Amino acid sequence: EAGTATNAVGGKTLAGKATGNTAEAAGGNVMNLKGAQSASGLVQENHAKITAGTVGTAVGAESANGAAAGNDVTITGGTVTGSLKGAKSAGKAVKNTVEVKGGNLSGASVMGAEAAGDADSNSVTISAATTANAIVGAVSTAGNAEHNTVNITADVTGNIMGAQASGAASQNVINIENATVTGNVTGGSGAVTADNIINLKGATVRGDVVGGTAGDTGNTLAVRYSA
C-alpha cells in the first residue's frame with residue numbers, strides 16, 4: 001500500500017553544511033520533498049528525485065540562512081502539483097538544476113533556483129512534454145539573476161523566462177529546439193535586462209518573444225530552421 005508523508009527530507013541540519021543527501025518519491029503521496037535542509041548553513045550537491053506517486057513541492061535543497069550550490073531535482077514519472085525548484089536559498093544560489101524527463105507537472109511552477117541573494121548559473125531542462133504554470137531559469141527576490149539557462153526540447157504549455165529578479169536579470173539564455181511553446185518567452189525580467197539570448201531552432205512560439213522587460217541593450221533573438 002502506498003504511503004503518505006508531509007515532509008520527506010534526505011538530510012537535515014540545524015547548524016552547518018548539508019551535502020550529498022538524496023530524497024526520492026517512488027510512490028504514494030508526499031507534500032514536501034527535499035534533498036536536504038539547513039537552518040543556517042550551505043546546502044550543496046543534494047538531490048530530489050520523483051519517479052512515481054504524487055508530490056506537492058520538490059526542492060533539491062533548502063537553506064533558511066545560507067547559500068545553495070549544485071543541488072538538483074529530477075522528475076521521470078509521477079505527478080507534481082505545486083512546484084519544482086533546484087534549490088531555495090536565503091542567500092546566493094549557484095549551479096542548481098531542474099530536469100523534467102517525464103511525469104506530469106499538473107500546472108506546477110518550475111525554477112532552477114529561488115534565492116533572496118544573487119542567482120547565478122542555474123538551469124532548467126525540459127525534455128518531456130510539459131504543462132506548467134511557469135518555467136524560469138532562476139528567481140532572485142532581492143538580488144540579481146544572471147547567467148541562467150532554460151533548455152527546451154519538448155512541447156511546453158506555459159510561460160518561459162530565463163530569469164526574474166528585483167535587480168538585474170541579464171545574460172540569461174533560453175534554447176528552444178524542435179518544440180512548440182504555447183505561452184510567452186522572455187529572456188529576463190528585472191530592473192535591468194541586458195544581453196539575454198533566446199535561440200529558436202525549429203521551434204514554434206504561440207505567444208510573445210521578448211529579450212528583456214526593461215528594454216535594455218544587447219538582447220538577442222536568433223531564429224533558425226531545423227528540418
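Start at 1 with the first residue, then count along the sequence. Here the structure is a predicted model, which means the values were calculated and not measured. Side-chain atoms are counted along with the backbone in the values below, which use heavy atoms only and exclude waters and symmetry mates.
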- Between Leu221 and Leu200, is any pair of side-chain heavy atoms under 4.5 Å apart? yes
- Message: Return the CD1 to CG distance between Ile152 and Asn175, rounded to the nearest 0.5 Å.
- Response: 9.5 Å
- Flag side-chain contact, heavy atom, 4.5 Å: Val185 against Ile198: yes
- Message: Contact between Val30 and Asn32 at the side-chain level, heavy atoms closer than 4.5 Å - yes or no?
- Response: no
- Message: Suppose the criterion is salt bridge (Lys or Arg N to Asp or Glu O under 4.0 Å): which pairs have a residue in residues 119-148, not counting sequence neighbours?
- Response: none
- Query: Only one of Thr157, Val156, Val205 clears side-chain contact (heavy atoms from CB on, under 4.5 Å) with Thr182; which?
  - Reply: Thr157
- Item | Asn196 side-chain N/O to Gly212 backbone N/O, donor-acceptor pair under 3.5 Å | no
- Note on the structure: Residue set satisfying salt bridge (Lys or Arg N to Asp or Glu O under 4.0 Å) with Glu24, at least two apart, ordered chain then number -> none
- Heavy-atom distance under 4.5 Å between the side chains of Val55 and Thr57, does that happen here? no
- Task: State, yes or no, whether a side-chain contact exists between Leu33 and Ile50 at a heavy-atom distance under 4.5 Å.
- Result: yes
- Query: Applying salt bridge (Lys or Arg N to Asp or Glu O under 4.0 Å), which residue pairs with at least one partner in residues 57-69 are found, sequence neighbours left out?
  - Reply: Lys34-Glu62
- Note on the structure: To the nearest 0.5 Å, atom CG of Asn159 lies from atom OG1 of Thr186 at 7.0 Å
- From Thr22 OG1 over to Asn46 CG, what is the distance, rounded to the nearest 0.5 angstrom? 7.5 Å
- Query: What is the distance from atom CG of Asn71 to atom NZ of Lys88, rounded to the nearest 0.5 Å?
  - Reply: 14.0 Å
- Task: Supply the members, apart from Val173, of the Ile/Leu/Val/Met/Phe/Trp/Tyr cluster built from side-chain contacts under 4.5 Å; use none for a lone residue.
- Result: Ile197
Identify each donor-acceptor pair in which a side-chain atom of residues 98-119 lies under 3.5 Å from a protein atom, sequence neighbours left out, and give them as a table.
residue, atom, partner, partner atom, Å
Asn104, OD1, Ser106, N, 3.0
Glu114, OE1, Lys85, NZ, 2.5
Asp118, OD1, Asn144, N, 2.9

- Note on the structure: Taken in chain and number order and not counting sequence neighbours, the residues that satisfy side-chain hydrogen bond (donor to acceptor under 3.5 Å, both in side chains) with Asp195 are none
- Task: Please name the residue in the list Thr149, Val136, Asn148 that meets the side-chain contact (heavy atoms from CB on, under 4.5 Å) test with Asn122.
- Result: Asn148
